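Quick notes on the structure that follows.
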Amino acid sequence: MKSLMIVESIHHGNTRKIADAMAPILNAEIVKPSEVDASRLSEYDIIGFGSGIYFGKHHRNLLDLADKLPSMDKNAFIFSTCGNKRLASHRFLREKLESKNLKIVGEFSCKAWDTYSILGLIGGINKGRPDENDLEEARKFAKSIIK
Ligand SMILES: Cc1cc2nc3c(=O)[nH]c(=O)nc-3n(C[C@H](O)[C@H](O)[C@H](O)COP(=O)(O)O)c2cc1C
């Protein structure tokens, strides 16, 4: 099995930590949206899409990539890290991916360090996360989608 995870992780590298935990289980390569070669996507059995949540949605670079993808009959999963866990924020990316014929086989989200705006003045929220417990949950999620 061969997987690809497309990850934009810019605020504190939080989402990259989740991707790194899942990668060995999924035998996954990790790339940024700007590094995706659409002509090679057919080589992968499953494709993951992850970023922090920004103003209620995945990162703009991931949403823009989803718009540009060709139609593909393939399994995919969505993940995120965020200040306040709300899977509802996945809706925008999910709809774009489903419009490209991708089948979403699982979604994962966890709270993570957030110092946006005035939160930064108090050291942010969820400091220290994702922690080992979050990474273990991510590993369990990765196992569940390839069962
Ligand atoms: C500009 C900005 C906007 C954000 N908007 C949200 C939001 O709407 N909802 C939320 O739960 N977290 C929000 N966050 C927190 C990030 O989603 C969170 O810190 C995430 O873990 C960042 O992921 P990254 O380090 O992988 O980029 C925001 C952070 C920034 C910097």
Side-chain angles (χ1 to χ4, degrees), residues 1-38 40-41 43-69 72 74-100 102-146:
M1 193 189 102
K2 198 174 157 193
S3 315
L4 181 70
M5 278 193 272
I6 306 170
V7 181
E8 194 69 282
S9 183
I10 57 161
H11 186 37
H12 288 298
N14 296 332
T15 317
R16 177 68 197 226
K17 288 179 191 160
I18 294 292
D20 285 342
M22 294 194 283
I25 293 157
L26 299 170
N27 187 28
E29 234 177 274
I30 302 175
V31 295
K32 294 179 182 177
S34 60
E35 296 167 338
V36 170
D37 177 353
R40 287 190 51 214
L41 294 177
E43 293 172 18
Y44 300 95
D45 301 299
I46 185 166
I47 305 176
F49 296 83
S51 78
I53 296 298
Y54 295 88
F55 308 111
K57 300 178 181 183
H58 278 85
H59 193 276
R60 170 52 50 200
N61 294 348
L62 205 53
L63 295 168
D64 287 349
L65 173 76
D67 281 333
K68 289 186 209 133
L69 288 176
M72 288 179 279
K74 197 171 279 296
N75 286 346
F77 62 99
I78 297 174
F79 59 106
S80 66
T81 60
C82 53
N84 297 294
K85 186 171 162 179
R86 278 181 68 243
L87 272 176
S89 308
H90 284 195
R91 179 167 60 92
F92 304 94
L93 180 60
R94 189 191 318 120
E95 284 174 1
K96 286 178 189 289
L97 297 176
E98 285 175 342
S99 78
K100 301 300 169 88
L102 284 156
K103 183 178 175 220
I104 309 303
V105 297
E107 299 188 43
F108 177 85
S109 178
C110 90
K111 284 189 181 182
W113 190 26
D114 177 9
T115 55
Y116 175 57
S117 189
I118 56 165
L119 292 176
L121 300 175
I122 54 160
I125 54 171
N126 311 320
K127 201 162 183 344
R129 295 185 70 181
D131 57 20
E132 187 43 46
N133 191 47
D134 296 317
L135 300 183
E136 192 48 35
E137 288 301 314
R139 289 183 199 105
K140 275 191 217 161
F141 167 78
K143 285 175 194 156
S144 77
I145 57 173
I146 53 168

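Given the structure is predicted, the values throughout are model-derived calculations rather than measurements. Only this structure's heavy atoms are used, side chains among them; waters, hydrogens and symmetry mates stay out. When a ligand or atom number is given, it counts from 1 through the structure's own listing order.
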Can you list the atoms of ligand 1 that are under 4.0 Å from a heavy atom of I10? 24 (P), 27 (O)
Side chains of L93 and K57 in contact at under 4.5 Å (non-hydrogen atoms): no
If I apply the N/O under 3.5 Å rule, does E8 come out as touching ligand 1? no
Please list, in number order, the atoms of ligand 1 under 4.0 Å from a heavy atom of N84. 10 (C), 11 (O)
Using distance alone, decide if ligand 1 has a nitrogen or oxygen within less than 3.5 Å of any nitrogen or oxygen in Y116. no
Which atoms of ligand 1 are found less than 4.0 Å from any heavy atom of G56? 7 (C), 8 (O)
Give the atoms of ligand 1, by number and element, whose distance to some non-hydrogen atom of A112 is under 4.0 Å. 21 (O)
Shortest protein heavy-atom distance from atom 20 (C) of ligand 1, along with the residue and atom involved: T81 OG1, 3.3 Å
What is the nearest protein non-hydrogen atom to atom 5 (N) of ligand 1, stated with its residue, atom name and distance? F55 N, 3.0 Å
For G13, take its heavy atoms, then give the atoms of ligand 1 lying under 4.0 Å from any of them. 25 (O)
Just one of H90, E8, R91, R94 clears the side chain to side chain contact (heavy atoms under 4.5 Å, CB included) bar with H58, so which one? H90
For A66 and K96 the tightest heavy-atom approach is CB-CB, 3.8 Å
May I ask which of S109, G124, S89, S9 has a heavy atom nearer to atom 24 (P) of ligand 1 than the others do? S9
Does a donor on one side chain sit under 3.5 Å from an acceptor on the other, for S109 and S80? yes
Do L102 and F49 touch side chain to side chain, with heavy atoms closer than 4.5 Å? yes
Name the orientation class of the two ring planes belonging to W113 and H12 (parallel below 30°, tilted from 30 to 60°, perpendicular beyond 60°). parallel
Taking the side chain as every heavy atom from C-beta outward, state whether N84 and D114 have any pair of such atoms under 4.5 Å apart. no
Numbering as shown, the atoms of ligand 1 that approach H12 to under 4.0 Å (heavy-atom distance): 24 (P), 25 (O)
of all protein heavy atoms, closest to atom 19 (O) of ligand 1 is W113 O, 2.7 Å
In terms of residue, atom name and distance, what is the protein heavy atom nearest to atom 16 (C) of ligand 1? I53 O, 3.5 Å
Contacting atoms of ligand 1, where contact means under 4.0 angstrom from a heavy atom of G83: 10 (C), 11 (O), 12 (N), 15 (C)
Would R16 count as being in polar contact with ligand 1, using the rule that some N or O on each side must be under 3.5 angstrom apart? no
Relative to atom 26 (O) of ligand 1, which among T15, N126, V7 owns the nearest non-hydrogen atom? T15
Under the criterion salt bridge (Lys or Arg N to Asp or Glu O under 4.0 Å), I'd like the reasoning laid out for E132 against R139: C-alpha separation, chi angles, the key distance, then a yes or no. CA-CA 10 Å; E132 187 43 46; R139 289 183 199 105; 3.0 Å; yes
Show the nearest heavy-atom pair for residues T115 and G123, with the distance to one decimal. CG2-O, 3.9 Å
So do the side chains of L69 and L97 get within less than 4.5 Å of each other, counting heavy atoms only? yes
